[in-house]
Colleague: 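Questions regarding the structure given below will be posed in turn.
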Amino acid sequence: MDSDKLSREVTPEIISKLESAIGKDNVNTHPEERLLYSHDLAPLPGVAGIAFKNIPDVVVRPTCTEDVAAVMRIAYENGVAVTPRGNSTWGLGGCQPVFAGIVVDFSSKMNKIIKLDPEHLCVKVQAGITFKEVLDACMAKGFIIGSYPSSFPAATIGGWYGTNGMGIGTYKFGSVKDNVLNMEVVLPDGSVIETGYDNIGAFMSGYNLNQFFAGAEGTLGLVCTFTLKMYPMGVIRPTIYNFENLADADPAIQAIAKHPSIKPLHVSWADFNHFANQARAAKEEPSIHVHSECKNTVLVVLQGDERFVDLEDEAVEEIMVKAGGQKLPNEIADHEWDERCYEFRARAVGVGEIPAEVIVPSNSWGQFVGECYEGFSKMKMETGGIIGQMVDPQTVLFMPYYFMDNEGMLGMTAFSFNFYLGDVATRYGGRTTGLGVFFAWNLDNIHDANTVEYMRELKTYLDPRDVMNPGHVVCGLTRFGISLSHGLMEFASKMMQTVKKMLPPDSTFADNIERFHYNTLEEEKAADRKHVLGRGYE
Ligand SMILES: Cc1cc2nc3c(=O)[nH]c(=O)nc-3n(C[C@H](O)[C@H](O)[C@H](O)COP(=O)(O)OP(=O)(O)OC[C@H]3O[C@@H](n4cnc5c(N)ncnc54)[C@H](O)[C@@H]3O)c2cc1C
């Protein structure tokens with residue numbers, strides 16, 4: 001059928017078809033429910049509703065691959081948009097609908113371990129399970145899965161694969177896409193494919209489909225199951241080093257990246273601002289979350305057979321001490337490792353706390369630390385801290401974060417720091433990470449024109465009715481079909497940066513600390529606001 005003749009509307013007839021296909025209990029059109037599914041973790045201002053039809057018509061909760069395929073067939077027949085959703089922790093609007101339609105909620109019912117197989121060193125799971133659940137089950141049997149995001153208690157396997165993210169374990173084992181043996185994927189027309197083999201690698205077997213859907217943010221297919229590689233765990237040994245200034249650690253970072261044998265599971269850093277703000281925001285006194293000894297730290301986590309880990313530990317210590325690092329007690333290293341999913345504790349004060357995520361070549365690490373501080377000062381930011389990690393020997397991820405007022409209109413100008421840092425990263429041969437709905441326009445910035453055209457052609461060919469998460473990745477569209485074009489957004493980004501520099505410095509964190517007492521924070525904030533259904537908090 002010609003795609004122009006498709007209804008694109010979710011009619012009562014489509015709702016009954018969905019109900020008969022996957023069961024009435026798994027199809028929800030309640031207004032409050034739909035409102036909850038209209039955005040991800042990022043706060044979305046009310047005006048967003050003008051640009052995007054972000055409230056879905058219906059939320060479905062499939063239980064298996066066949067259910068997902070049935071939903072997709074109905075959507076395809078009618079040209080209805082389908083948005084896959086994990087646990088909505090990404091923050092770039094990847095699982096936010098742009099043209100309403102159907103949200104497929106993977107985390108509610110497609111969250112089971114299908115098979116944990118030590119014999120074949122693999123684990124097969126449904127896409128909506130969290131990394132924590134998979135990791136816990138594997139560790140109980142003496143195995144780990146290669147890598148996971150620091151949001152692992154909530155992030156789903158499907159969600160992280162969808163973003164092709166970087167995280168804990170990526171330095172040693174690559175991202176989740178590098179650890180996939182097989183997947184069941186539902187295509188836009190509802191057909192189901194397998195991308196590899198459950199018990200053996202997909203070598204010399206045609207196009208590498210195990211990696212093809214990674215980073216597609218759900219625009220090419222709905223991944224329903226993953227078979228992931230498992231690795232024998234051995235010991236996991238966190239070690240931590242203190243530096244007078246964060247940039248002093250540069251020779252150590254370079255030495256690790258260029259070392260022929262050291263392969264830590266994870267290398268991350270945090271500067272003095274991060275620790276100071278964690279302490280200021282802490283509810284307990286003295287804080288159980290912060291060690292006062294920590295100034296500017298580099299955490300190096302080693303993993304494997306104990307004898308090999310001993311050797312690596314010794315070599316890492318030599319490198320760190322040579323760069324002026326001081327080894328902190330094991331208890332602090334263990335604590336910081338345990339804290340790896342709580343980088344944003346300072347948010348407890350009731351502020352917006354936003355990281356500007358960029359990747360740059362590892363050899364510019366030391367200089368880039370300086371760029372982050374300069375950026376905070378030039379853009380009059382309220383500094384949160386500089387945190388980040390080594391992604392692989394070539395690449396480092398910086399996540400300098402800042403505080404912002406996410407309730408006032410002018411607070412939004414703080415986002416210009418992300419644009420600013422993205423521009424700086426580009427000068428170093430790096431770039432911002434992730435597209436989602438808000439940064440889809442950036443695709444033209446980070447690839448050459450031929451490459452972008454090829455990606456757009458692929459999407460058009462593979463999803464001719466544009467039903468699979470439309471308005472994301474290859475075209476940041478508004479509900480009117482007008483694209484957030486590269487030129488327009490570049491202009492807006494420069495304007496925002498100029499305005500931000502003209503405004504007084506931010507002080508939301510400092511103000512909030514005075515305004516809210518920790519024990520009454522939630523009550524006072526609730527009293528401050530009035531919730532109006534469909535219009536959010538006013
Ligand atoms: C405190 C904190 C720490 C974080 N740390 C990290 C980190 O270390 N590394 C990192 O990369 N990110 C990190 N993130 C971002 C985010 O948590 C990750 O991107 C996470 O993997 C998203 O998973 P999710 O289940 O919430 O996905 P969602 O946000 O629900 O979805 C993400 C994208 O994947 C698509 N998608 C979801 N499920 C499927 C599916 N089954 N098939 C096809 N497409 C699908 C969605 O449409 C969307 O485009 C962090 C976030 C927070 C709040």
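We count ligands from 1, going down the list as the structure has it; atoms in each ligand are counted the same way. Position 1 is the first residue of the sequence; numbering continues from there.
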Colleague: Who gets closest to atom 42 (N) of ligand 1 by heavy atom: V223, T83, T433, V437?
Modeller: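 Minimum heavy-atom distance to atom 42 (N) of ligand 1 goes to V223.
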Colleague: Please check whether D40 reaches ligand 1 - meaning an N/O of the residue sits under 3.5 Å from an N/O of the ligand, judged on distance alone.
Modeller: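 Looking only at distances, the answer is no, because the N/O contact criterion of under 3.5 Å is not met.
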Colleague: I'd like to check whether L222 has a polar contact with ligand 1, where a contact means an N/O of the residue lying under 3.5 Å from an N/O of the ligand.
Modeller: no
Colleague: With heavy atoms of A127 as the reference, note each atom of ligand 1 found under 4.0 Å away.
Modeller: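 Within the 4.0 Å cut-off of A127, ligand 1 contributes 41 (N).
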Colleague: For N469 and G94, indicate whether the former's side chain and the latter's backbone hold a donor-acceptor pair under 3.5 Å.
Modeller: yes
Colleague: Nearest protein heavy atom to atom 52 (C) of ligand 1, by residue and atom, and its distance?
Modeller: S151 CB, 3.9 Å
Colleague: Looking at N182 and T195, would you say the former's side chain and the latter's main chain have a donor-acceptor pair under 3.5 Å?
Modeller: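 Yes.
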Colleague: Should the proximity of F344 to ligand 1, defined as any heavy atom under 4.0 Å, be assigned to the side chain, the backbone, both, or neither?
Modeller: side chain
Colleague: Applying a 4.0 Å heavy-atom criterion (strictly less than), which segment of W160 is in contact with ligand 1: side chain, backbone, both, or neither?
Modeller: both
Colleague: Determine whether a donor-acceptor pair (N or O, by modelled atom type, separation under 3.5 Å) exists between the side chain of Q96 and the backbone of V437.
Modeller: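 Checked: no pair found.
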Colleague: Which one holds for N469 and ligand 1: side chain close, backbone close, both close, or neither close, with close meaning a heavy atom under 4.0 Å?
Modeller: side chain
Colleague: Between E357 and R431, is there a side-chain N and carboxylate O pair less than 4.0 Å apart?
Modeller: no
Colleague: Please write down residue, atom name and distance for the protein heavy atom closest to atom 44 (N) of ligand 1.
Modeller: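 Answer, as residue, atom name and distance: G218 CA, 3.4 Å.
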Colleague: Working note: M399 + Q389, criterion side chain to side chain contact (heavy atoms under 4.5 Å, CB included); need CA distance, chi angles, decisive distance, verdict.
Modeller: CA-CA 8 Å; M399 292 198 296; Q389 64 172 80; 5.7 Å; no
Colleague: Taking only heavy atoms of G165, which atoms of ligand 1 are found under 4.0 Å from at least one of them?
Modeller: 11 (O)
Colleague: Indicate yes or no for a side-chain donor-acceptor contact from T170 to the backbone of G167 under 3.5 Å, with no hydrogens or angles considered.
Modeller: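 Yes, the answer is positive, given that a donor and an acceptor are paired below the 3.5 Å cut-off.
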Colleague: Is E343 close to ligand 1, meaning an N/O of one under 3.5 Å from an N/O of the other?
Modeller: no
Colleague: Considering non-hydrogen atoms of the protein only, which is the closest contact for atom 53 (C) of ligand 1, and what is the distance?
Modeller: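 The protein heavy atom lying closest is L41 CD1, 3.6 Å.
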Colleague: What's the shortest heavy-atom distance between T219 and K459, and which atoms?
Modeller: O-NZ, 2.7 Å
Colleague: Any idea which of S150, A216, G221 brings a heavy atom closest to atom 6 (C) of ligand 1?
Modeller: S150
Colleague: How does M166 reach ligand 1, by side chain, by backbone, by both or by neither, if only non-hydrogen atoms under 4.0 Å count?
Modeller: backbone
Colleague: Could you tell me which atoms of ligand 1, counted from 1 in the order shown, lie closer than 4.0 angstrom to a heavy atom of G94?
Modeller: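 Going through ligand 1 atom by atom, the ones under 4.0 Å from G94 are 47 (O), 48 (C), 49 (O).
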Colleague: Would you mind checking which non-hydrogen protein atom is closest to atom 27 (O) of ligand 1, with the distance to 0.1 Å?
Modeller: G159 CA, 3.3 Å
Colleague: Counting each atom of ligand 1 from 1 as listed, which ones have a heavy atom of E217 under 4.0 Å away?
Modeller: 47 (O), 49 (O)
Colleague: Give me the residue, atom name and distance of the protein heavy atom closest to atom 24 (P) of ligand 1.
Modeller: N87 N, 3.5 Å
Colleague: Identify the residue among T227, T225, V123 that makes a side-chain contact (heavy atoms from CB on, under 4.5 Å) with I114.
Modeller: T225
Colleague: Taking N296 for its side chain and D271 for its backbone only, find out whether a donor-acceptor pair lies under 3.5 Å.
Modeller: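 No, the answer is negative, given that no donor and acceptor are paired below the 3.5 Å cut-off.
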Colleague: Counting only N and O atoms by type, is there a donor-acceptor contact under 3.5 Å from the side chain of N277 to the main-chain atoms of T383?
Modeller: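 At least one qualifying donor-acceptor pair exists.
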Colleague: Can you tell whether the side chains of K124 and D198 come within less than 4.0 Å, N to carboxylate O?
Modeller: yes
Colleague: Measure C95 to ligand 1 on non-hydrogen atoms and call it side chain, backbone, both or neither using the 4.0 Å cut-off.
Modeller: both
Colleague: Is there a donor-acceptor contact under 3.5 Å from the side chain of H266 to the main chain of W337?
Modeller: no
Colleague: Starting from atom 47 (O) of ligand 1, locate the nearest protein heavy atom and write down its residue, its atom name and how far away it is, to 0.1 Å.
Modeller: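 The closest one turns out to be P84 O, 2.7 Å.
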Colleague: Give the residue, atom name and distance (to 0.1 Å) of the protein heavy atom nearest atom 22 (C) of ligand 1.
Modeller: T89 OG1, 3.3 Å
Colleague: Nearest protein heavy atom to atom 36 (N) of ligand 1, by residue and atom, and its distance?
Modeller: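 Minimum-distance protein heavy atom for atom 36 (N) of ligand 1 reads G158 O, 4.0 Å.
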Colleague: Cation over ring, R8 on F99, under 6.0 Å and within 45°?
Modeller: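 No - R8 does not lie over the ring of F99 by the 6.0 Å and 45° rule.
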Colleague: I'd like to know if the side chain of N164 reaches the main chain of W160, judged simply by a donor and an acceptor atom lying under 3.5 Å from each other, with no hydrogens or angles considered.
Modeller: no
Colleague: Which ligand 1 atoms, with their elements, are less than 4.0 angstrom from a heavy-atom of S88?
Modeller: 24 (P), 26 (O), 28 (P), 29 (O), 30 (O)
